[in-house]
Participant: 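Quick one: this structure, given as structure tokens, is what I'll be asking you about.
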Number of protein chains: 2
Amino acid sequence: MELFYQHGIHAIGINEVLKSSGIAKKTLYNHFESKDALVLATLEQRHHQFISWLSGCLEDVQTSEMLEKQLFLALDQWINNKVEVLGEFRGCYFINTAAEFGELTSPINQLCQRHKLAVKALLKQSLNDADDAAVERLFLLGEGIISTAYTCHDASVAKRAAEFTS
Amino acid sequence: MELFYQHGIHAIGINEVLKSSGIAKKTLYNHFESKDALVLATLEQRHHQFISWLSGCLEDVQTSEMLEKQLFLALDQWINNKVEVLGEFRGCYFINTAAEFGELTSPINQLCQRHKLAVKALLKQSLNDADDAAVERLFLLGEGIISTAYTCHDASVAKRAAEFTS
DNA sequence: TGAGAAGTAGACAGATTTGTCTACTTCTTT
DNA sequence: AAAGAAGTAGACAAATCTGTCTACTTCTCA
């Protein structure tokens, strides 16, 4: 997961995965049918890690103002490598992977979509599905922050976004 | 450019570029030192196309409300394939490419960053650099819209975002 | 303790990658 | 018209990719 996340799927060969993990090739192909299946498994793992981390961050949110504040705080910590379980920040693993796997029929692409919908659902749920439109906008802001932090190498974007709270 | 944008850089081999363009391999390597140099050229071309299209869309913007409205309208048209010069929507070419080329030292990565900064600067400039904080937030919303439209296969996200104007 | 499951190391096949090079053709320009 | 530049088609080299297979070792558990 770390290798794929840090370098991209196509940039990492199976042999690098083997060397880095110390696993034999036969063993790997015993557990996973193909590289794609392995990638899918890393996406599932990351999905659970991420949702679990984020829902922890939003645990005691009551109002949409609190949600915004907590979300931006969480993103800022992630972006600045303060969240151990998420590893070194290199943008969103799902956005990055969807960029490489664009086929709508590919299970990899579908999982990326499902992840994003789950994140959006988590935000809505944290306010008991009140104020859906505001949450939708907040979700978009969050996506913009993650994307900008990565592509622009802008580590302070979440902090700045938190300042001009609407 | 079309091939790389639609399928990703690593997914497209030089031979596919040759077949699709009808150019001989020798000719291509006469004009471009390497595949990376070709990719860089496509990014430059896309950058100019995109900035030129977007600045046209924001031409007569006066207020920050107008900027928001016009930006979301433009994004909606792009996402729904109404903008011929941008081709079939497959997310942001620069976000997608940065996902594949993460090395900070790579010229490809640097160009992706420069493009985003140019887009942000264009937004600010369209309001004569007044209200920078609001424009920054708007930029983030735009990035979120583009990313969400692609990853979630959500063609109506820009239209919905335009509805709940803050 | 002994047998079967599961792991290791890595050779190998077959496909695919980028980039070079040769031999030939066409275009351009004086 | 003639010459040099630039294009074409594609063979080829060298590297790299995924996935299979063999031969051997280690672990697990009855």
Side-chain angles (χ1 to χ4, degrees), chain A residues 1-47 87 90-91 93-112, chain B residues 1-47 87 90-91 93-112:
Chain A
M1 208 266 283
E2 186 67 10
L3 278 177
F4 289 143
Y5 174 50
Q6 289 300 324
H7 301 96
I9 314 293
H10 287 124
I12 293 294
I14 283 292
N15 290 316
E16 282 177 87
V17 174
L18 300 177
K19 199 162 77 175
S20 163
S21 65
I23 292 295
K25 197 178 266 194
K26 184 98 193 255
T27 307
L28 183 123
Y29 279 99
N30 253 1
H31 290 273
F32 301 98
E33 205 184 18
S34 62
K35 184 188 179 182
D36 273 17
L38 175 63
V39 169
L40 213 52
T42 66
L43 286 166
E44 305 244 25
Q45 189 192 50
R46 179 73 173 188
H47 171 67
R90 199 189 163 255
Y93 187 35
F94 302 89
I95 291 178
N96 294 352
T97 302
E100 291 196 69
F101 293 80
E103 296 254 332
L104 296 209
T105 58
S106 139
I108 289 178
N109 184 287
Q110 287 165 6
L111 190 49
C112 295
Chain B
M1 208 267 282
E2 186 68 10
L3 277 177
F4 288 142
Y5 175 49
Q6 288 301 323
H7 301 95
I9 314 292
H10 286 124
I12 293 295
I14 283 291
N15 290 316
E16 283 176 87
V17 174
L18 299 177
K19 199 162 78 175
S20 163
S21 64
I23 292 295
K25 196 177 268 196
K26 184 95 194 255
T27 306
L28 183 122
Y29 278 100
N30 253 2
H31 288 272
F32 301 97
E33 204 184 19
S34 62
K35 183 187 179 183
D36 274 17
L38 175 63
V39 169
L40 214 52
T42 66
L43 287 166
E44 305 244 27
Q45 188 191 51
R46 180 73 172 189
H47 170 66
R90 198 188 164 258
Y93 187 34
F94 302 88
I95 292 178
N96 294 352
T97 302
E100 291 196 68
F101 293 79
E103 295 255 331
L104 296 209
T105 58
S106 140
I108 289 178
N109 184 289
Q110 286 166 6
L111 190 48
C112 295

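Values below: every heavy atom of this structure, side chains too, minus hydrogens, waters and symmetry copies. Numbered from 1 within each chain, the chains take letters A, B, ... in sequence-line order.
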Participant: Round to a whole Å and report the spacing from NE2 of B/His31 to P of D/dA5.
Facilitator: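 After rounding, the reported distance stands at 15 Å.
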
Participant: Which nucleotides of nucleotides 10-25 of chain C have their base under 4.0 Å from a protein heavy atom (B), which only their sugar-phosphate (S), and which neither (-), written as one string 5' to 3'?
Facilitator: B-------BBBBB---

Participant: So, is the end of the B/Arg46 side chain (NZ or CZ) under 6.0 Å from the ring centre of B/Tyr5 and within 45° of the ring's axis?
Facilitator: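 The answer is yes; both the distance and angle limits are met.
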
Participant: Is there a donor-acceptor contact under 3.5 Å linking the side chains of A/Tyr93 and A/Thr42?
Facilitator: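 A donor-acceptor contact under 3.5 Å links the two side chains.
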
Participant: Measure from the side-chain N and O atoms of B/Asp36 to the backbone N and O of B/Ser106, and report whether any donor-acceptor pair falls under 3.5 Å.
Facilitator: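 No.
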
Participant: Please report the interatomic distance CG(B/Asn15) to NZ(B/Lys25), rounded to the nearest 0.5 Å.
Facilitator: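 The NZ atom of B/Lys25 is 4.0 Å from CG of B/Asn15, to the nearest 0.5 Å.
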
Participant: A/Leu28 CG to D/dT20 P: how many Å, rounded?
Facilitator: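 Result: 11 Å.
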
Participant: Surrounding CD of B/Glu2 (heavy atoms of other residues, nucleotides or ligands, distance under 6.0 Å), is the total greater than 12?
Facilitator: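 Counting other residues, nucleotides and ligands, CD of B/Glu2 exceeds 12 neighbours.
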
Participant: Go through the steps for B/Phe101 and A/His7 under the test ring pair (Phe, Tyr, Trp, His ring centres under 6.0 Å), then give the verdict.
Facilitator: CA-CA 8 Å; B/Phe101 293 79; A/His7 301 96; over 10 Å; no

Participant: Can you sort out which residues in residues 97-106 of chain B have a heavy atom within less than 4.0 Å of DNA chain C? Ascending by number, please.
Facilitator: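 Nucleic-acid contacts, sorted: none.
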
Participant: Within the pair A/Thr27 and C/dA6, is there a side-chain N or O less than 4.0 Å away from OP1 or OP2?
Facilitator: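 Checking A/Thr27 against C/dA6: no side-chain N or O falls below 4.0 Å of OP1 or OP2.
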
Participant: Taking atom OG1 of B/Thr27 and atom CZ of B/Phe32, what is their separation to the nearest 0.5 Å?
Facilitator: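 CZ of B/Phe32 is found 11.5 Å from OG1 of B/Thr27.
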
